[in-house]
Amino acid sequence: MQKPETLTIQSSADVVLVRQAVRRVAIEIGFGLVDQTKIVTAASELARNTLDYGGGGTVQLEALQEGLKRGLKLTFEDQGPGIPDIELALKDGFTTGNGLGMGLSGAKRLASEFEIESCVGVGTRVTIVRWK
């Protein structure tokens, strides 16, 4: 993958497409099965959050290289209601929906790098990086 790839997330079928695209790029980068599973699981949780809580959005997939180190950067963006308390949203078990409250915190644990920006009434951007 040379150029960043952007996918739209507007339905449950799109969440499946995101998982498939992330796995494909992770394999292209040379991730082993454990790293593939971790980044695909994190991507699945964040794509589901983008759909369920953000009302849909996008994800950008970008292959990274720093010297001999290779990685995959995923940026999820929505223009939903935003997260009023990010610290609370990152606590295990916290949910405003019907889930287990492990999506954001779980994705954070599975990523090498994690960043979240959110503004109430504007939307949310979550960026994760997994290094090989």
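All values derive from a computational prediction rather than experimental measurement.
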S.K.: Test L104 against E45 for side chain to side chain contact (heavy atoms under 4.5 Å, CB included), laying out the working first.
M.R.: CA-CA 7 Å; L104 276 178; E45 293 293 337; over 6 Å; no
S.K.: Checking R70 side chain against I29 main chain: does a donor-acceptor pair fall under 3.5 Å?
M.R.: yes
S.K.: With I9, which of D78, T58, T50 fulfils side-chain contact (heavy atoms from CB on, under 4.5 Å)?
M.R.: T50
S.K.: Using the rule side-chain contact (heavy atoms from CB on, under 4.5 Å), only one of T75, L74, L64 pairs with V129; which is it?
M.R.: L64
S.K.: Would K132 and D35 count as a salt bridge (Lys or Arg N to Asp or Glu O under 4.0 Å) if you check the C-alpha gap in whole Å, the side-chain angles of each, and the deciding distance to 0.1 Å?
M.R.: CA-CA 7 Å; K132 179 181 166 197; D35 285 327; over 6 Å; no
S.K.: Quick one: list whatever passes side chain to side chain donor-acceptor pair (under 3.5 Å) with T127, sequence neighbours left out.
M.R.: none
S.K.: Does T37 offer a backbone N or O that forms a donor-acceptor pair with the side chain of T41 under 3.5 Å?
M.R.: yes
S.K.: Any chance you could lay out the salt bridge (Lys or Arg N to Asp or Glu O under 4.0 Å) test for K91 and E87, step after step, and finish with the verdict?
M.R.: CA-CA 7 Å; K91 287 189 174 183; E87 188 174 322; 5.4 Å; no
S.K.: Is it the case that more than 12 heavy atoms not belonging to R125 sit under 6.0 Å from its CZ atom?
M.R.: no
S.K.: Let me know which of I27, L46, I39, V59 forms a side-chain contact (heavy atoms from CB on, under 4.5 Å) with V22.
M.R.: I39
S.K.: Identify, with sequence neighbours excluded, every residue that meets side-chain contact (heavy atoms from CB on, under 4.5 Å) alongside E66.
M.R.: K69, W131
S.K.: Does the D14 side chain pair with the main chain of Q10, one donor and one acceptor, at a distance under 3.5 Å?
M.R.: yes
S.K.: Partners of R48 by salt bridge (charged side-chain N to carboxylate O under 4.0 Å, His left out), sequence neighbours excluded?
M.R.: D52
